[in-house]
Amino acid sequence: MFNENAITMNNIKTAFSVKDLENLSGIKAHTIRIWEKRYSIFSPDRNENNIRSYNSEDLLKLLNITFLNNFGYKISKISSMTDEDMNGLVKQIYSSKNSASLAISSFKYAMFNFDTALFHETYNKLLETKTFQEIFYDVFIPLLEEIGLLWQTSTLKPIHEHFISSLIRQKLYTVIEEAQQK
């Protein structure tokens, strides 16, 4: 069983390279750099060698930008939005369009921040419109496949994968137990 008390700040990834952002969002590093320069979307920290370092808020923003971009919004329009407007639009599209894509982004964000509340909130929102079987096949399986690639490219630490897989396992156990009681 996962022990949340065993997590230390050393295990939480709070700084991301542009390659990490590419791996997590699917947006090429070159494109992220162009968006950064042209639209001032991010203001990453830079080390003495001028290498960019992004924080978890930058990651969340990029995941929202990617989501909106995938739904046809142009980067020029997205970049002019406030974070609150962007979040509101993502939620609006989420409720009327593709919940699986946003759920995967939310689960990834929850994973990197060890945010069990966000995991449960996202899961419960999905349950409003999907069965567990649909969530499992449409969201959890693609999420775990993506996490495998992120682990393979050293974008995340094993503890991130253990965290999210433990939460998914808990949901699976609950559904199995409920089915056995019927």
Side-chain angles (χ1 to χ4, degrees), residues 11-115 118-119 122 126 135 137-165 168:
N11 292 325
I12 299 175
K13 187 164 185 167
T14 58
F16 301 90
S17 69
V18 71
K19 193 68 174 167
D20 291 337
L21 293 184
E22 176 181 336
N23 291 333
L24 288 164
S25 70
I27 303 294
K28 296 287 183 197
H30 176 72
T31 303
I32 294 169
R33 288 185 200 102
I34 289 173
W35 288 355
E36 179 186 315
K37 183 176 181 182
R38 188 175 297 161
Y39 301 107
S40 302
I41 291 176
F42 306 112
S43 297
D45 293 331
R46 293 177 183 261
N47 68 13
E48 62 278 353
N49 295 324
N50 208 27
I51 296 175
R52 294 168 173 86
S53 176
Y54 301 86
N55 61 33
S56 57
E57 288 80 25
D58 294 331
L59 170 61
L60 178 60
K61 187 172 186 175
L62 183 60
L63 292 173
N64 284 339
I65 290 169
T66 302
F67 181 80
L68 292 173
N69 193 251
N70 288 340
F71 277 95
Y73 287 84
K74 300 210 178 293
I75 188 62
S76 56
K77 178 162 174 60
I78 298 168
S79 66
S80 66
M81 294 179 184
T82 65
D83 289 346
E84 293 78 27
D85 290 341
M86 193 182 312
N87 289 336
L89 185 56
V90 166
K91 288 178 184 176
Q92 178 185 350
I93 293 170
Y94 171 70
S95 63
S96 65
K97 300 266 185 187
N98 185 354
S99 60
S101 177
L102 184 60
I104 290 171
S105 292
S106 292
F107 286 139
K108 285 192 292 190
Y109 188 74
M111 175 184 64
F112 274 102
N113 288 291
F114 299 102
D115 189 339
L118 178 59
F119 175 88
T122 303
L126 284 170
I135 295 169
Y137 287 109
D138 297 344
V139 180
F140 287 158
I141 296 295
L143 173 66
L144 291 171
E145 288 173 347
E146 220 175 300
I147 288 170
L149 291 172
L150 294 173
W151 179 81
Q152 202 171 356
T153 59
S154 299
T155 302
L156 58 80
K157 295 181 179 181
I159 192 159
H160 294 109
E161 183 274 330
H162 293 298
F163 173 79
I164 200 77
S165 62
I168 293 169

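Quick note: numbers below take in every heavy atom, side chains included, and nothing from hydrogens, waters or symmetry partners. Along the sequence shown, the residues carry numbers beginning at 1.
- Under a 4.0 Å N-O distance rule, the pair Lys19/Glu22 qualifies as a salt bridge.
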Stepwise side chain to side chain contact (heavy atoms under 4.5 Å, CB included) test for Ser56 and Phe16
CA-CA 8 Å; Ser56 57; Phe16 301 90; 4.3 Å; yes
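- In this structure, CD in Glu146 is found 10.0 Å from CG in Asn23, a value given to the nearest 0.5 Å.
- Val139 and Ala103 get closest at one heavy-atom pair: CG1-CB, 4.1 Å.
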Let's go through Leu21 and Ile27 carefully: what are the C-alpha distance in whole Å and the side-chain angles of both, what is the deciding distance for side chain to side chain contact (heavy atoms under 4.5 Å, CB included) to 0.1 Å, and is it a yes or a no?
CA-CA 8 Å; Leu21 293 184; Ile27 303 294; over 6 Å; no
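- By the 4.5 Å heavy-atom criterion applied to side chains, Ile159 and Phe114 are counted as neighbours.
- Asn113 has its side chain out of reach of Leu118: every pair of non-hydrogen atoms, C-beta onward, lies at least 4.5 Å apart.
- Not a single donor-acceptor pair under 3.5 Å links the side chain of Asn69 to the backbone N or O of Thr66.
- For the atom pair OH of Tyr109 and CG of Asn64, the computed distance is 9.5 Å after rounding to the nearest 0.5 Å.
- Atoms CG and CG, on Leu24 and Leu150 in that order, are 5.0 Å from each other to the nearest 0.5 Å.
- No side-chain heavy atom of Leu143 sits less than 4.5 Å from a side-chain heavy atom of Met111.
- The 12-atom threshold is not exceeded at OH of Tyr137, counting heavy atoms of other residues, nucleotides or ligands nearer than 6.0 Å.
- Checked by atom type and distance alone, the side chain of Lys61 pairs as donor or acceptor with a backbone atom of Ile41 at under 3.5 Å.
- Interatomic distance, CG of Leu102 versus OG1 of Thr122, reported as 7.5 Å (0.5 Å rounding).
- Asn49 contributes no side-chain N or O that, together with a main-chain N or O of Ile51, makes up a donor-acceptor pair within less than 3.5 Å.
- Annotation: side chain of Leu62 is not in contact with side chain of Tyr54 (no heavy-atom distance under 4.5 Å).
- When each of Phe163, Phe140, Phe112 is paired with Phe107, the ring-ring contact (aromatic ring centres under 6.0 Å, His included) condition holds for Phe140 and for no other.
- Under the rule for a side chain to side chain contact (heavy atoms under 4.5 Å, CB included), the partners of Ser105 that lie at least two apart in sequence or sit in another chain are Leu63.
- In this structure the side chain of Thr14 never reaches within 4.5 angstrom of the side chain of Asn55, judged on heavy atoms.
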Please walk me through it: do Ile164 and Phe119 pass side chain to side chain contact (heavy atoms under 4.5 Å, CB included)?
CA-CA 8 Å; Ile164 200 77; Phe119 175 88; 3.7 Å; yes
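- Atoms CD1 and CE, on Ile65 and Met86 in that order, are 4.5 Å from each other to the nearest 0.5 Å.
- Residues Ile32 and Phe42 are in side-chain contact: their nearest non-hydrogen atoms beyond the backbone lie under 4.5 Å apart.
- Atom-to-atom distance recorded for Ser43:OG and Asp58:CG is 8.0 Å, nearest 0.5 angstrom.
- Among residues at least two apart or in separate chains, there is no salt bridge (charged side-chain N to carboxylate O under 4.0 Å, His left out) pair with a member in residues 67-82.
- Applying the side chain to side chain contact (heavy atoms under 4.5 Å, CB included) test to Asp85 and every residue at least two apart in sequence or in another chain returns Met81, Thr82.
- Taking all atoms of both residues into account, the shortest heavy-atom contact from Ala15 to Asp20 is O-OD2, 4.3 Å.
- Not a single donor-acceptor pair under 3.5 Å links the side chain of Asn70 to the backbone N or O of Phe67.
- The residue from Glu48, Arg46, Arg52 that alone fulfils the side-chain hydrogen bond (donor to acceptor under 3.5 Å, both in side chains) condition with Asn50 is Arg46.
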